[in-house]
Structures are given as C-alpha cells and as structure tokens.
Amino acid sequence: MSGFTKLAVLSSTLLLLTPCVWAVGADCKKPTSELDKRICQSASLTAANEALNVAFHNQRAWLCQSAEILRREDGWDCMAAKEDFWAEQRQWDKAVLAQCKTNDCFTQAYQARIAQINGQDTPLPNFRLTTYGWGDKECQAYLKVLNRTPREEFRGCKLPDLSGSGFTTLPFKPVTGELLKKLDKQIALRNHEKQANWQAQLKKYQSGYLKLEIAEVDLDKDGKMEKVVKYSRPSFLCDLLDADMEASEKEAVWQELSDKEIVRKNERNGYLNLFFNLDSKGVLGAVEYWQENDLVLFKGKLLSFGRNRMVTNRNYENWGRKEYIEMDYFIFESGKGKKERWCGFWYNY
C-alpha cells in the first residue's frame with residue numbers, strides 16, 4: 001500500500017471518529033449541532049452552506065472524472081484522492097469553522113472555503129471544458145453557448161439556442177409521400193421489427209409523435225451533396241432524470257402517458273434522434289448508423305452531441321461520477337462514416 005493510500009485510509013477512519021461541524025444538508029426538523037440550528041434560522045447561512053456543498057461535491061466528483069478523461073497511466077488513485085480531499089475538508093472544519101461563534105464568521109468562512117475549492121472568488125459557470133479540446137475553436141464556441149444558457153433551459157435531447165455562435169443546424173425538411181412509407185419500413189427492419197399498420201403509423205408522423213426528415217450536406221467534402229435522414233422518436237431518456245429516480249422508474253412513468261402527453265414532452269425536451277445516410281436508390285446506408293442528440297456544422301465540420309443527460313436536482317449520496325456533454329467530429333470517407341471524440345464539457349452543479 002502506497003504512503004498516499006495509507007494516508008487516505010487513515011483520513012477516512014478519522015472522518016468516522018471526529019465530530020463534524022460542517023452541515024452537509026442540515027435537518028431542520030431535528031437540528032443536532034449549533035451550526036444546524038443557525039442554518040435553519042438564517043436564509044443567508046442556508047444559502048452559504050448549500051453553496052459549499054455544491055463546490056465540495058463538484059470537486060470531489062471531478063477528481064475521478066478528470067482521471068478518466070486524462071486517461072492517466074501514472075498509477076494515480078482517484079479514490080484515494082477523494083479520501084484525501086475529505087480529510088482536507090475535515091481539517092478545515094476543525095481549524096476554521098468550529099472556531100466561529102457568529103453568523104458573520106460562519107458566512108465569511110464559507111465564502112473563503114468555496115473560493116479555495118473553486119479556485120476563484122466568483123461562482124463557477126454552468127460548464128467547464130474538459131482536458132481535451134482546449135485549443136479548438138468549435139469547443140470554445142460551444143462552451144460560450146453553454147455558459148450563456150440559463151440552467152433551467154437545458155433539455156435532455158434538445159440543443160440550446162445557437163444564435164450568433166457559428167454553429168448551424170442541418171437544413172432538414174419533412175419526408176412525405178411514398179418515400180416516408182418506404183424509409184419507415186427500412187427503419188423498422190433495421191430495428192428487427194415489422195412495419196406497423198401504415199395508417200396508424202402515418203398518424204404518429206402527422207401528430208408529431210414521430211418525425212422523419214431529410215437534408216443534403218457534403219459529408220465527404222468532395223463538392224457533391226449527400227443525403228442524411230433524421231429519424232426522431234420519443235424516449236424517456238430525453239426527460240431530465242431526478243437524482244433519486246432510477247431510469248427504469250422513469251420508463252415506467254412514461255409507459256402510463258398518452259401519446260398526446262408524450263408529444264408535449266417531446267416538444268419541450270427534444271427527441272432521441274437516429275441518423276442515416278441515404279444512397280441514390282433511396283436505400284438507407286447499411287453501415288453509417290448514428291444515434292446522437294443532433295448534428296451541426298461549424299466552419300465545414302460536421303459535429304454531433306451526445307451524453308447530454310443531466311439530473312434535475314442534487315443527491316449528494318449518489319454523487320461520484322457525473323454526466324458531461326460530449327462533442328464528436330464526424331468523418332465521412334468512401335461511403336463510410338466514423339466519429340472522433342472532439343471535446344467534452346463538464347457540468348458544474
């Protein structure tokens with residue numbers, strides 16, 4: 001066992017033995033400590049305590065997330081680093097917070113500790129750029145989009161407002177007539193399903209429950225336009241998940257909704273989109289099958305966004321690994337497509 005790991009184990013043990021002043025979510029029904037009582041009686045202390053909770057858990061979760069993104073190979077132990085961070089917090093609790101006797105002292109201590117954890121005096125933005133993609137203009141441009149967007153406007157499968165950002169969405173238009181029926185049948189076969197009664201299926205397209213659209217874009221940059229088909233269907237995954245709700249529970253709730261209720265959710269949260277390329281004979285590509293939130297263009301680059309699911313509230317017990325938005329770069333050559341991880345955006349709660 002390394003010295004660092006031994007320290008982490010010792011720190012973890014001390015955490016269990018040492019009384020805590022810092023209130024990780026004060027129980028105002030049965031406040032136990034002096035700080036709990038103060039928090040429950042002061043709106044400003046409640047806000048300061050919550051801000052410290054957010055800063056602490058953001059940084060603690062980031063320790064392992066950064067290790068994954070960096071693909072560290074130096075034996076660095078992110079779990080031990082988490083324990084060490086806990087020990088650092090407990091030391092601050094004992095040496096600083098426990099010495100306070102007034103609300104002003106508690107507030108100033110909170111503010112100083114939050115600034116120390118965040119590395120800045122001002123609140124963190126919505127997102128930070130992860131460790132890859134720093135030098136790419138499209139990554140910086142989308143970071144600006146994310147950080148100018150109010151948090152309450154983020155949706156699971158819907159892009160934020162891209163106005164003035166340099167990003168443009170593909171010019172999709174609805175597929176109609178016999179081509180709609182033909183492509184719907186191909187999609188059903190690709191999903192190992194039989195095409196449903198066509199009149200019933202057509203009503204789903206007409207109501208907005210399903211969407212099938214087509215756009216032309218120069219995928220391989222040879223000066224010729226290729227056809228891209230976008231198939232949009234409803235999914236509970238586009239509905240922002242509560243931190244204390246399992247995905248299976250959310251799916252069960254969705255199964256009880258009417259088609260009209262699902263359409264309203266689609267309009268608000270977006271659709272789960274499947275993308276195909278279409279050949280000159282009207283046949284969907286057999287290999288180029290993409291499942292992403294959406295496709296956009298930035299200075300000729302075709303980009304997609306994935307991993308765009310975020311929870312709607314905080315549950316500190318479940319924190320540890322958090323979702324982040326990922327931007328991928330699509331490369332289309334010789335009739336085949338592939339994507340490269342281009343940049344990622346870590347969400348600061």
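This chain uses plain numbering: 1 for the first residue, then up along the sequence. Treat the numbers as computed from the prediction; the structure is a model and nothing was measured.
Closest of all the heavy-atom pairs between K182 and K281 is NZ-O, 3.2 Å. In plain terms, the two heavy atoms of Y142 and I325 that are nearest each other are CE2-CG2, 4.4 Å. The two residues I117 and A55 come nearest to each other via the heavy atoms CG2-O, 3.5 Å. Taking every heavy atom of both residues into account, R268 and K158 meet most closely at O-CD, 3.6 Å. Taking all atoms of both residues into account, the shortest heavy-atom contact from N273 to S232 is OD1-OG, 2.7 Å. Of all non-hydrogen atoms in G208 and N266, the two that sit nearest each other are O-ND2, 4.2 Å.
In this structure, D294 pairs ionically with K230, as a charged nitrogen and a carboxylate oxygen lie closer than 4.0 Å. A salt bridge links E88 to R113: one of the charged nitrogens lies within less than 4.0 Å of a carboxylate oxygen.
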Requested in this report: Show your working on side chain to side chain donor-acceptor pair (under 3.5 Å) between T102 and D104 and close with a plain yes or no.
Outcome: CA-CA 5 Å; T102 66; D104 285 345; 5.5 Å; no
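Side chains of D184 and Y205: a donor-acceptor N/O pair is present below 3.5 angstrom, by distance only.
V217 has its side chain within reach of L297: a pair of non-hydrogen atoms, C-beta onward, lies under 4.5 Å apart. Side chains of Y110 and L45 form a contact here, defined as non-hydrogen atoms less than 4.5 Å apart. Proximity of L159 to V296: side-chain heavy atoms (C-beta onward) are separated by under 4.5 Å at one or more points. In this structure, F106 and C100 have side chains that are in contact, with non-hydrogen atoms separated by less than 4.5 Å.
Both W198 and L183 belong to a single network of hydrophobic side chains, linked directly or stepwise wherever heavy atoms of I, L, V, M, F, W or Y lie under 4.5 Å apart. Cluster membership check: L180 does not share its hydrophobic cluster with V283, using side-chain heavy-atom separations under 4.5 Å among Ile, Leu, Val, Met, Phe, Trp and Tyr. In this structure, L179 is a member of the same hydrophobic cluster as L284, with clusters built from ILVMFWY side-chain heavy atoms closer than 4.5 Å. L189 is not connected to F276 by any chain of hydrophobic side-chain contacts under 4.5 Å among Ile, Leu, Val, Met, Phe, Trp and Tyr, and they are in different clusters.
Residues satisfying the side chain to side chain contact (heavy atoms under 4.5 Å, CB included) test with K301, not counting sequence neighbours, are E138, L303, Y329, W342.
Taking the six-membered ring where the residue is Trp, the centroids of W86 and F56 are separated by under 6.0 Å. Annotation: F154 is in aromatic contact with F127 [ring centroid separation under 6.0 Å].
A side chain to side chain donor-acceptor pair (under 3.5 Å) check over residues 166-177, counting only residues at least two apart or in different chains, returns nothing.
Without hydrogens or angle criteria, N126 side chain to R148 main chain gives no donor-acceptor distance under 3.5 Å.
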